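Note that the structure is predicted; figures quoted are calculated from it, not measured. Order of listing sets the numbers, starting from 1, for every ligand and every atom in it.
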Amino acid sequence: MKKVLATIAVVSLMAAATTVSAMSIVGTKHDLSSTTGGGTYKGSTTQICVFCHTPHNAVGVNGSFYPLWNRSNPAASGFKLYSSGGMQNGYLTNGQGGASTGFTADSVSLYCMSCHDGATTLGAVKNPPLDSPASITTISGTNTITSSANLNDASNSLMNDHPVNFNLTNGADPAIGTVTTNTVGTASITNKLPLYKSQRGNTSLECASCHAVHDNAEGMFLRTTMNGSLLCLGCHIK
Ligand code: HEC
Ligand code: HEC
Ligand code: HEC
Ligand code: HEC
């Protein structure tokens with residue numbers, strides 16, 4: 001009996017260790033380094049974080065420097081976002097309703113679009129890495145995303161994509177799980193999904209509510225599995 005218990009303990013320890021070690025950006029498609037880069041897009045530096053972050057002199061918007069961003073973002077207001085008559089939460093600052101007038105400049109979703117717009121150069125960083133010349137050139141020969149990971153339809157449209165950069169208010173749509181300080185979720189998921197600060201308010205749904213940029217354990221950098229549509233059921237009571 002003791003042995004069985006010990007085995008169970010070891011197995012669960014191993015499971016925990018697996019989960020922790022899987023949570024790394026190294027070797028994923030978001031690793032654009034020349035050495036460990038996991039996709040077709042690789043830069044001329046061994047550094048990984050530099051494509052998105054810098055320890056000093058970060059890009060900021062209205063006094064907010066989260067998350068120490070190192071990229072040149074496209075114009076925020078140039079984008080059109082999903083909207084519908086049925087949406088109860090909305091794009092107005094700190095409020096409900098309202099049609100989208102584009103991203104707010106501090107939206108972390110806009111930050112994703114600084115690569116996923118298929119137009120901004122992947123190596124367009126403010127502070128270049130010390131091991132490389134003044135700019136990062138891509139080894140693969142393409143400097144922008146040309147695959148289906150380019151979400152930008154003609155004329156900067158994200159209208160056919162799940163809504164992002166809008167503020168959630170508890171109870172505005174009873175078919176959405178409980179919104180607390182900066183998370184949202186239903187009982188179907190263990191870890192509630194994160195909401196972000198933006199000029200819309202403090203509980204803004206962004207790309208990173210569904211995606212974990214540094215962790216590809218679930219595939220597609222998702223926060224939880226799509227088996228049985230668990231991710232969708234994490235917010236939608238359906
Ligand atoms: C492809 C772009 C990208 C790369 C590369 C990247 N990050 Fe991030 N990181 C982001 C984005 C976007 C956010 C904000 C959204 C979020 O919290 O998921 C973020 C948030 C963070 C945060 C604050 C939130 C948190 O998760 O703790 C830390 C710390 C961080 N990154 C560290 C790193 C380090 C260290 C590296 C390199 C090993 C790295 N990142 C590489 C895009 C990137
Ligand atoms: C520094 C540029 C950069 C930034 C910033 C960035 N990505 Fe990516 N992302 C890439 C590249 C390059 C790929 C690989 C595209 C390909 O292989 O066609 C990718 C792939 C992906 C994929 C598809 C993964 C797969 O397995 O096919 C997802 C999902 C994704 N990114 C989400 C995000 C989200 C969400 C953000 C913001 C929180 C973000 N990315 C920010 C460069 C970036
Ligand atoms: C409501 C959740 C949700 C939000 C919000 C969301 N995504 Fe996704 N995204 C997904 C899921 C789920 C998939 C995988 C779809 C599949 O496998 O068919 C995906 C796939 C992707 C892909 C791969 C597309 C492909 O065909 O290669 C990219 C790139 C991506 N997302 C980026 C983003 C960016 C950038 C944003 C914000 C503008 C965003 N996502 C917002 C859930 C979301
Ligand atoms: C992080 C929470 C979250 C996740 C995860 C999520 N959604 Fe949503 N979704 C929302 C919110 C909030 C709205 C806006 C609802 C409102 O205001 O009435 C929305 C809107 C929608 C709409 C448009 C509704 C309308 O009234 O126009 C559809 C359809 C939808 N989501 C489907 C999905 C699918 C499919 C998935 C899984 C791939 C998913 N969502 C994952 C939070 C989420």
Side-chain angles (χ1 to χ4, degrees), residues 25 28-33 37-43 48-53 67 69-74 79 81-91 96-98 103 107-118 120-125 136 138 140 142-152 158 161-179 183-186 188-189 192-196 203-216 218-226 228-238:
I25 192 170
T28 68
K29 288 183 183 175
H30 276 163
D31 174 350
L32 305 186
S33 74
T40 46
Y41 302 89
K42 294 189 196 183
I48 301 168
C49 317
V50 70
F51 285 92
C52 294
H53 303 290
W69 201 239
N70 198 26
R71 300 191 54 75
S72 313
N73 294 330
F79 285 88
L81 307 176
Y82 174 96
S83 65
S84 84
M87 250 177 88
Q88 303 300 309
N89 296 276
Y91 294 103
Q96 292 156 34
F103 283 118
S107 165
V108 285
S109 304
L110 174 68
Y111 293 16
C112 306
M113 294 310 287
S114 74
C115 288
H116 287 282
D117 68 349
T120 311
T121 308
L122 292 170
V125 296
I136 305 171
T138 51
S140 52
T142 358
N143 288 315
T144 55
I145 296 180
T146 53
S147 66
S148 56
N150 167 9
L151 298 184
N152 197 359
L158 286 172
D161 299 281
H162 192 282
V164 288
N165 189 214
F166 64 100
N167 203 39
L168 267 66
T169 311
N170 217 358
D173 181 346
I176 295 293
T178 313
V179 181
T183 56
V184 60
T186 70
S188 65
I189 45 163
K192 294 177 115 194
L193 298 162
L195 299 170
Y196 291 80
T203 53
S204 187
L205 189 149
E206 305 286 351
C207 311
S209 301
C210 292
H211 291 283
V213 250
H214 316 102
D215 178 4
N216 200 30
E218 301 292 351
M220 288 289 178
F221 297 105
L222 291 171
R223 294 245 172 225
T224 188
T225 179
M226 276 296 280
S229 295
L230 191 66
L231 177 74
C232 314
L233 293 170
C235 289
H236 291 277
I237 301 162
K238 292 286 179 212

Check your understanding: Is the closest heavy atom of Val108 to ligand 2 under 4.0 Å?
Key ->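 Checking ligand 2 against Val108, which is what was asked, there is no heavy-atom contact under 4.0 Å.
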
Review point. Going by heavy atoms, is Cys52 under 4.0 Å from ligand 2?
Key: yes

Exercise for review: Measure the shortest side-chain to side-chain distance between Leu205 and Tyr196 over non-hydrogen atoms and say whether it is less than 4.5 angstrom.
Suggested key: no

**Study point:** Side chain proximity check, Thr120 to Thr144, heavy atoms < 4.5 angstrom
**Key:** no

In ligand 4, which numbered atoms sit nearer than 4.0 Å to a non-hydrogen atom of [X]?
X      : value
Cys235 : 1 (C), 2 (C), 3 (C), 4 (C), 5 (C), 42 (C), 43 (C)
Gly86  : 18 (O), 26 (O)
Leu168 : 12 (C)
Ser84  : 25 (C), 26 (O), 27 (O)
Asn89  : 16 (C), 17 (O)
Phe166 : 11 (C), 12 (C), 13 (C), 14 (C)

Review point. So, His30 versus Phe221, ring centres under 6.0 angstrom or not?
Key: yes

What protein heavy atom sits nearest [atom], and how far away is it?
atom                    : result
atom 11 (C) of ligand 2 : Ile145 CD1, 3.7 Å
atom 27 (O) of ligand 2 : Lys29 NZ, 3.1 Å
atom 10 (C) of ligand 2 : His30 CD2, 3.5 Å
atom 28 (C) of ligand 2 : Phe221 CD1, 3.6 Å
atom 23 (C) of ligand 2 : Met220 SD, 3.9 Å
atom 18 (O) of ligand 2 : Ser147 OG, 2.5 Å

Could you tell me whether [atom] has a protein heavy atom closer than 4.0 Å?
atom                    : value
atom 13 (C) of ligand 4 : yes
atom 8 (Fe) of ligand 3 : yes
atom 16 (C) of ligand 3 : no

Give the single entry among [options] that approaches [atom] most closely by any heavy atom.
atom                    : options                        : answer
atom 42 (C) of ligand 4 : Thr183, Leu205, Leu233         : Leu205
atom 1 (C) of ligand 2  : Cys115, Ala208, Ala149, Gly219 : Cys115
atom 41 (C) of ligand 3 : Pro163, Ser229, Cys207, Ser114 : Cys207

Check your understanding: At the 4.0 Å heavy-atom cut-off, does Cys210 count as touching ligand 4?
Key ->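 It does; at least one heavy atom falls under 4.0 Å.
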
Exercise for review: Looking at His116, pick out the N, O or S atom nearest to atom 8 (Fe) of ligand 2 and give its name.
Suggested key: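 Closest N, O or S atom of His116 to atom 8 (Fe) of ligand 2: NE2.
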
**Study point:** atom 8 (Fe) of ligand 4 contact by His236, N, O or S atom under 2.8 Å
**Key:** yes

**Study point:** Metal proximity, Cys232 vs atom 8 (Fe) of ligand 4, N/O/S cut-off 2.8 Å
**Key:**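 Here the distance criterion (N, O or S atom, under 2.8 Å) is not met by Cys232, so no.
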
Exercise for review: Show the numbers, then the answer: is there a side chain to side chain contact (heavy atoms under 4.5 Å, CB included) between Ser209 and Leu195?
Suggested key: CA-CA 6 Å; Ser209 301; Leu195 299 170; 4.1 Å; yes

Review point. Short list, please: which atoms of ligand 3 are under 4.0 Å from a heavy atom of His162?
Key: 1 (C), 5 (C)

Review point. If you count the atoms of ligand 3 from 1 in the order shown, which ones are under 4.0 Å from a heavy atom of Leu222?
Key: 10 (C), 11 (C), 12 (C)

So, [X] side chain and [Y] main chain: donor-acceptor pair closer than 3.5 Å or not?
X      : Y      : result
Thr186 : Leu233 : yes
Thr203 : Leu168 : yes
Arg71  : Phe51  : yes
His53  : Pro67  : yes

**Study point:** Pair Glu218, Thr224: side-chain N/O donor-acceptor within cut-off below 3.5 Å
**Key:**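 There is no such pair between these side chains.
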
Review point. Do any nitrogen or oxygen atoms of His211 lie less than 3.5 angstrom from nitrogen or oxygen atoms of ligand 3?
Key: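 So ligand 3 has an N or O lying under 3.5 Å from an N or O of His211.
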
Check your understanding: Do any nitrogen or oxygen atoms of Ser148 lie less than 3.5 angstrom from nitrogen or oxygen atoms of ligand 3?
Key -> yes

Check your understanding: So, is Cys112 placed with an N/O/S atom under 2.8 Å from atom 8 (Fe) of ligand 2, counting both backbone and side chain?
Key -> no

**Study point:** ligand 4 versus Leu193: contacting region, heavy-atom distance under 4.0 Å
**Key:** side chain

Point to revise | Contacting atoms of ligand 2, where contact means under 4.0 angstrom from a heavy atom of Val213 | key: 36 (C), 37 (C), 38 (C), 39 (C)

Exercise for review: Using a strict 4.0 Å cut-off to heavy atoms of Tyr111, name the atoms of ligand 2 that fall inside it.
Suggested key: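 Numbered from 1, ligand 2 contributes 5 (C).
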
Point to revise | Side chain, backbone, both or neither: Arg71 near ligand 2, heavy atoms under 4.0 Å | key: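 Side chain only.
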
Revision key, fill the gap. For Ala175 and Lys238 the tightest heavy-atom approach is CB-NZ, 4.0 Å

Practice item. Specify side chain, backbone, both or neither for Asp161, according to which of its non-hydrogen atoms lie closer than 4.0 Å to ligand 3. Key: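 Neither; no heavy atom under 4.0 Å.
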
